[in-house]
There are 2 protein chains.
Amino acid sequence: MGAADSLTDAKSAEATVGERSASAPNALNALAAYLKDDMEACNREIVARMQSPVPLIPQLGAHLVAAGGKRLRPLLTLAAAHLCGYAAGPDRQRHIGLAACVEFIHTATLLHDDVVDESTLRRGLASANAVFGNKASVLVGDFLFARAFQLMTADGSLRVMEILSSASATIAEGEVLQMATQNDLSTPIEKYLEVIHGKTAALFAAACRVGAVVAARPDAEEQALEDFGTNLGMAFQLVDDALDYAADQQVLGKTVGDDMREGKITLPVLAAYQAADEEGRAFWQRVIEEGEQTDADLPHALDLIAKTDSINITLARAKRYAEDAVAALSVFPDTPVRKLLIDTAFYTVNRVH
Amino acid sequence: MGAADSLTDAKSAEATVGERSASAPNALNALAAYLKDDMEACNREIVARMQSPVPLIPQLGAHLVAAGGKRLRPLLTLAAAHLCGYAAGPDRQRHIGLAACVEFIHTATLLHDDVVDESTLRRGLASANAVFGNKASVLVGDFLFARAFQLMTADGSLRVMEILSSASATIAEGEVLQMATQNDLSTPIEKYLEVIHGKTAALFAAACRVGAVVAARPDAEEQALEDFGTNLGMAFQLVDDALDYAADQQVLGKTVGDDMREGKITLPVLAAYQAADEEGRAFWQRVIEEGEQTDADLPHALDLIAKTDSINITLARAKRYAEDAVAALSVFPDTPVRKLLIDTAFYTVNRVH
């Protein structure tokens with residue numbers, strides 16, 4: 001399937017959030033099912049490598065594993081390796097260990113994010129910092145990050161280390177930039193895009209690129225997978241930011257309006273603010289810039305966002321990134337895993353959580 | 001100078017803290033002066049590699065650089081390289097970049113420690129978290145850690161990466177273990193030693209070992225430098241823990257009694273608790289285990305520590321580690337840099353801050 005064909009599949013991305021649930025089959029589950037053996041091996045690796053003589057580390061690790069999560073990033077590493085013809089075999093296990101590294105880096109950033117954001121929920125369950133405290137979350141995050149680099153060292157590829165250490169630095173830069181834009185409604189949309197590129201798309205890109213590296217594929221394919229991952233990550237984060245003002249809390253597994261309460265600058269807010277009348281601007285300034293919020297503010301915010309069509313503006317942008325992600329895969333032969341990655345890209349913009 | 005000769009120099013370590021200031025020439029300054037050119041190159045590297053398009057990162061970096069600090073760990077990497085005959089030259093700059101990596105890892109852990117400990121002072125100045133907030137400290141710590149691995153990747157030695165990623169994991173384990181022993185007076189001394197090995201000695205050891213790796217020296221020399229660093233780190237931390245109950249705040253650059261206020265389990269407290277009478281034990285249980293403290297408790301704690309000779313017990317143990325550190329250097333030829341490292345080991349147990 002070429003990129004052009006698949007674009008027609010993406011029409012559902014134009015549906016409103018309320019309609020999206022039914023129309024989107026869970027392509028992520030299909031991809032996970034296709035890579036079931038590798039994913040199970042990766043999960044075993046994750047549990048095994050979280051071990052430590054210090055009991056609190058595997059205890060907190062078990063909490064994170066139990067909390068589940070989509071394991072989207074390691075899945076991308078496994079899928080990218082398969083796309084590049086690197087199928088698992090007795091002497092072809094590198095993608096599994098590196099997928100675990102990617103998940104460790106991601107988990108470390110989640111642990112630190114929840115501390116930084118003072119979150120109490122993660123995927124519908126109590127967040128690690130709420131259960132184990134901020135100190136444990138900071139330190140176990142550091143441990144997982146260090147462990148990821150130990151695993152990379154054991155793998156032995158300087159190229160992989162270059163990709164994942166650069167991505168790690170970019171994530172931190174994105175998070176710091178996000179902090180700097182907090183409460184600032186004058187943030188240009190370009191800067192918001194830079195934030196989500198750093199905090200989300202960089203690791204998606206690295207996770208995918210690593211798959212091409214283990215398969216020893218040419219630069220063009222590495223670059224294609226990097227482009228796929230970058231665009232997929234941008235789409236994913238845009239939808240995440242839309243869902244924070246749109247989704248049902250039970251489905252989302254996090255509190256709707258979290259971003260607003262934190263004064264986080266995301267596209268739904270920027271679009272609503274920029275299109276607002278004087279009264280609307282005053283409202284956003286009070287709740288986002290001054291952080292003065294009451295219980296009545298969230299419904300009013302959702303109303304202003306609906307009136308300015310800001311969710312659909314955000315989702316339309318996500319859809320364009322998903323289309324670019326799909327287009328990047330055109331250099332690869334038409335295989336089942338490529339089809340599943342294309343479906344995943346469109347699923348990303350149709351998902352409800 | 002052999003290890004046996006130098007042991008006589010260490011007699012001053014038996015002096016009480018009050019007497020120690022005058023008797024200890026600052027060997028660390030002498031070592032820094034000997035390695036001045038390399039150290040300046042390393043400082044330039046540190047400033048250059050803290051740059052980022054996100055302004056808050058170099059801003060916080062400048063605060064850390066301005067706060068100074070001994071730069072003991074990178075100095076050890078440079079000294080170890082010199083000890084192994086790896087002198088700087090146009091194509092011999094690896095020790096400088098790796099010394100900067102070591103300092104980045106150390107700085108990242110300091111930033112996270114200050115968040116975890118809720119410290120407001122670091123080296124006598126406002127700590128980064130007090131000035132820039134906890135969020136920035138967590139995230140810039142992550143950035144520095146990632147940047148360290150980027151620099152190692154550029155250096156290209158898997159061996160170095162193995163040493164420094166393992167040390168980083170061990171540091172995090174030590175910090176988590178320290179958290180788990182907090183407020184617990186039943187902590188065995190062995191567990192306390194495990195904590196300080198993790199949080200301090202592991203990076204001293206790695207910093208030294210890396211010097212042998214860049215010089216491509218045989219395993220025995222790598223091991224000797226690892227032993228030197230481990231023992232030096234243990235001595236250093238023991239003295240640090242003694243100073244927290246002994247030093248003049250202005251000289252120390254941190255608040256005396258910080259460890260007590262945090263309920264931190266260190267050797268001065270364990271020794272005083274184990275030697276205390278019933279009333280003394282009840283006191284320690286209230287202030288350390290229950291965390292119920294008044295302004296009058298610090299003088300009383302210092303009094304109990306003095307009565308049980310707990311500072312000298314701690315310093316005597318530090319001195320034995322310093323002697324073991326010196327003994328480990330016996331495999332190296334008698335050079336000026338070896339003499340300076342020996343002096344540094346004894347200075348560590350004689351220092352007043």
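Since we're looking at a predicted model, the values are computed, not measured.
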Check your understanding: So which part of A:Asp142 gets closer than 4.5 Å to some heavy atom of chain B, the side chain, the backbone, both or neither?
Key -> both
Review point. Given a strict heavy-atom distance threshold of 4.5 Å, which part of A:Met161 is in contact with chain B: side chain, backbone, both, or neither?
Key: both
Study note, to complete from the structure: B:Met179 and A:Leu56 have their tightest heavy-atom pair at CE-CD2, 3.2 Å
Study note, to complete from the structure: Among B:Ala172, B:Ser165, B:Ala167, the residue with the most heavy-atom pairs under 4.5 Å to chain A is B:Ser165
Check your understanding: Are any of the side-chain heavy atoms of A:His112 and B:His112 separated by less than 4.5 Å?
Key -> yes
Exercise for review: Any chance you could measure B:Gln150, atom CD, to A:Thr170, atom OG1, to the nearest 0.5 Å?
Suggested key: 7.0 Å
**Study point:** Gap separating the NZ atom of A:Lys135 from the CG atom of B:Asp113, nearest 0.5 angstrom
**Key:** 10.5 Å
Review point. B:Val54 and A:Leu177: which non-hydrogen atoms are nearest, and at how many Å?
Key: CG1-N, 3.9 Å
Check your understanding: So what's closer than 4.5 Å to chain B heavy atoms on A:Gln182: side chain, backbone, both or neither?
Key -> side chain
Exercise for review: Heavy-atom distances under 4.5 Å only: say whether A:Ala136 touches chain B with side chain, backbone, both or neither.
Suggested key: both
**Study point:** Residue selection (most heavy-atom pairs with chain A, distance under 4.5 Å) from B:Pro53, B:Ala169, B:Ala180, B:Ser168
**Key:** B:Ala169
**Study point:** Donor-acceptor pair between A:Glu173 and B:Ser52 side chains, under 3.5 angstrom
**Key:** yes
Review point. Chain A: which of B:Gly198, B:Ala146, B:Gly174 shares the most heavy-atom pairs with it under 4.5 Å?
Key: B:Ala146
Practice item. Give a yes or no on this: more than 12 heavy atoms of other residues, nucleotides or ligands lie within 6.0 Å of atom CZ of B:Arg94. Key: yes
Exercise for review: Please work out which of the three classes, parallel, tilted or perpendicular, describes the rings of B:Phe149 and A:Phe149, given edges at 30° and 60°.
Suggested key: parallel
**Study point:** Interatomic spacing from CD1 in B:Ile171 to CG in A:Leu139 - rounded to 0.5 Å
**Key:** 11.5 Å
Check your understanding: Using a cut-off of under 4.5 Å for heavy-atom pairs, which of A:Thr153, A:Leu164, A:Val140 has the most such pairs with chain B?
Key -> A:Thr153
